[in-house]
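The first residue in the sequence is number 1, and the count goes up from there.
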Amino acid sequence: MASEEAERIVCLAKLAEVTERYGDMTEAMKALTKLGEPLTTETRNLLSVAYKNSVGARRASWSVVRSIEEKKEGSEHTQSVVLQYRLKIQKEIEDVCKDMLELLSTYLVPSVAEPINILDYEAKVFYLKMKGDYYRYLSEVALEHCTADVMSNSMAAYEEAVEVAETNLKSTNPIRLGLALNFSVFYYEIVKNSDEACRVAKRALDDSMEGLSFLPEDDNYKDSILIMHLLKENLDIWTVNNCNDNEQDGRVD
């Protein structure tokens, strides 16, 4: 990672980040990844920030336009304009996701195929989680056209990440906790299995609580606490929603 070209690209990516030019940032981090050198923790996080912001803004826009579309207000012409705009944003999301998935499959996941230390295992879980995430984003916008392959690819990536994480990372590791958070969201929002979503979130929360007292109060501690809080929030919301559904269906225990 000491090459002048790599240093130049990292500098450019950081400039793009502080100026919130995430399109430039993704291009820089793509170029860095394609150099074929293993990413450090810092550059791995830069890659994640670049693509997360790039796709995140578009996901938010897609949700707004989709909600407008569902109201079916205005003339047929107006509804057609809304539909075409939603499809335009959807195509942008798909392009970003496929771009990231290609980097993961071609460069990043293979770079940690045979991990030898904790940093390698963290990187492997991180990349597999990202793979699950970006297939999940594709599933979100596909609506009724979501293929079984996209969902199964997301599921497979998350499951492999869980297997590696539970074997090699502590229950309080923020990367392992972040994986549990995103995997539970996948179950709730994409698979529509709230029971399994709650199970994944609760297990991660219970396991991490046991090890929390032994964790030094450093940056990892703060990250872990934040993710645990998000897991707890989701679990509370999903549990209430499950109870309400059961009451409506007459299936309260």
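Nearest heavy atoms, Pro174 versus Ile227: O-CD1, 3.3 Å. Of all the heavy atoms in Met25 and Ala13, the pair that sits closest is CG-O, 3.7 Å. Nearest heavy atoms, Ala142 versus Gln90: CA-NE2, 4.5 Å. Minimum heavy-atom separation, Cys198 to Leu235: O-CD1, 3.5 Å. Among all heavy-atom pairs drawn from Leu231 and Ala204, the shortest one is CD1-CB, 4.1 Å. Nearest heavy-atom pair, Lys52 versus Tyr134, reported as atom, atom and distance to 0.1 Å: N-OH, 3.3 Å.
Note that the CG atom of Leu226 and the OH atom of Tyr221 stand 12.5 Å from one another [nearest 0.5 Å]. A distance of 9.0 Å separates CG in Asn234 from OH in Tyr188, rounded to the nearest 0.5 Å. Rounding to the nearest 0.5 Å places CE of Met130 at 13.0 Å from OH of Tyr135. Atom CE in Met100 sits 4.5 Å away from atom CG in Leu47 (nearest 0.5 Å).
Looking only at side-chain heavy atoms (C-beta outward), Glu37 and Ser3 come within less than 4.5 Å of each other. Residues Leu32 and Leu46 fail the side-chain proximity criterion, which asks for heavy atoms closer than 4.5 Å. Between Tyr187 and Met155 the shortest side-chain heavy-atom distance falls below 4.5 Å. Side-chain contact between Leu205 and Lys232 is present, with at least one heavy-atom pair separated by less than 4.5 Å. A 4.5 Å side-chain heavy-atom check between Phe183 and Lys129 finds every atom pair outside the cut-off. Tyr127 places a side-chain heavy atom less than 4.5 Å from the side chain of Arg44. Looking only at side-chain heavy atoms (C-beta outward), Val185 and Trp238 come within less than 4.5 Å of each other. Between Leu179 and Val125, some side-chain heavy-atom pair lies under the 4.5 Å cut-off.
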Name the atoms and distances for all side-chain donor-acceptor pairs under 3.5 Å in residues 107-118, with sequence neighbours left out.
| residue | atom | partner | partner atom | Å |
| --- | --- | --- | --- | --- |
| Ser111 | OG | Leu108 | O | 2.5 |
| Asn117 | OD1 | Leu119 | N | 3.1 |
| Asn117 | OD1 | Asp120 | N | 2.9 |

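Using a 4.0 Å cut-off between charged nitrogen and carboxylate oxygen, Arg8 and Glu4 do not count as a salt-bridge pair. Ion pairing between a basic and an acidic side chain is recognised when a charged N comes within 4.0 Å of a carboxylate O; Lys91 and Glu94 show no such pairing. A salt bridge does not link Glu17 with Lys14: every distance from a Lys NZ or Arg NE/NH1/NH2 to an Asp or Glu carboxylate oxygen is 4.0 Å or more.
The closest donor-acceptor contact from the side chain of Gln79 to the backbone of Lys72 lies under 3.5 Å. Using a distance-only test at 3.5 Å, with no hydrogens or angles considered, a donor-acceptor pair links the side chain of Ser184 to the main chain of Leu181. Under a 3.5 Å cut-off, the side chain of Ser80 and the backbone N or O of Glu76 do not form any donor-acceptor pair. Of the possible polar contacts, one joining the Asn45 side chain to the Thr41 backbone as a donor-acceptor pair under 3.5 Å is found. At least one donor-acceptor pair closer than 3.5 Å links the side chain of Thr106 to the backbone N or O of Glu102. Judged purely by atom type and a 3.5 angstrom limit, Lys192 uses its side chain to pair as donor or acceptor with the backbone of Glu189. Not a single donor-acceptor pair under 3.5 Å links the side chain of Thr43 to the backbone N or O of Leu39.
At a threshold of 4.5 Å between side-chain heavy atoms, the hydrophobic network of Ile, Leu, Val, Met, Phe, Trp and Tyr places Trp62 and Leu83 in two separate groups. Cluster annotation: Leu12 is not connected to Val49 through the hydrophobic network of ILVMFWY side chains, with a link wherever side-chain heavy atoms come within less than 4.5 Å. No chain of hydrophobic side-chain contacts below 4.5 Å, direct or via other Ile, Leu, Val, Met, Phe, Trp or Tyr residues, connects Val150 to Leu87.
For Arg203, the salt bridge (Lys or Arg N to Asp or Glu O under 4.0 Å) partners two or more places apart in sequence, or in a different chain, are Glu166, Asp207.
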Test side chain to side chain contact (heavy atoms under 4.5 Å, CB included) on Leu138 and Leu101; report intermediate values, then the result. CA-CA 11 Å; Leu138 287 176; Leu101 288 167; 3.9 Å; yes

Side chain to side chain contact (heavy atoms under 4.5 Å, CB included) for Ile225 and Lys222? Distances and angles first, verdict last. CA-CA 5 Å; Ile225 290 294; Lys222 295 175 183 177; 5.8 Å; no

Step by step, work out the side chain to side chain contact (heavy atoms under 4.5 Å, CB included) result for Val65 and Ile89. CA-CA 9 Å; Val65 176; Ile89 299 170; 3.8 Å; yes

Given side chain to side chain contact (heavy atoms under 4.5 Å, CB included), test Leu35 with Ile9 step by step and report yes or no. CA-CA 10 Å; Leu35 291 179; Ile9 294 172; 4.1 Å; yes

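Under the side-chain hydrogen bond (donor to acceptor under 3.5 Å, both in side chains) criterion, the residue pairs touching residues 154-164 are Asp133-Tyr158, Arg136-Tyr158, with sequence neighbours excluded.
Screening Thr167, Thr172, Asn173 against Leu169 for a side chain to side chain contact (heavy atoms under 4.5 Å, CB included) leaves a single residue, Asn173.
Heavy atoms of other residues, nucleotides or ligands lying less than 6.0 angstrom from CZ of Arg59 number more than 12.
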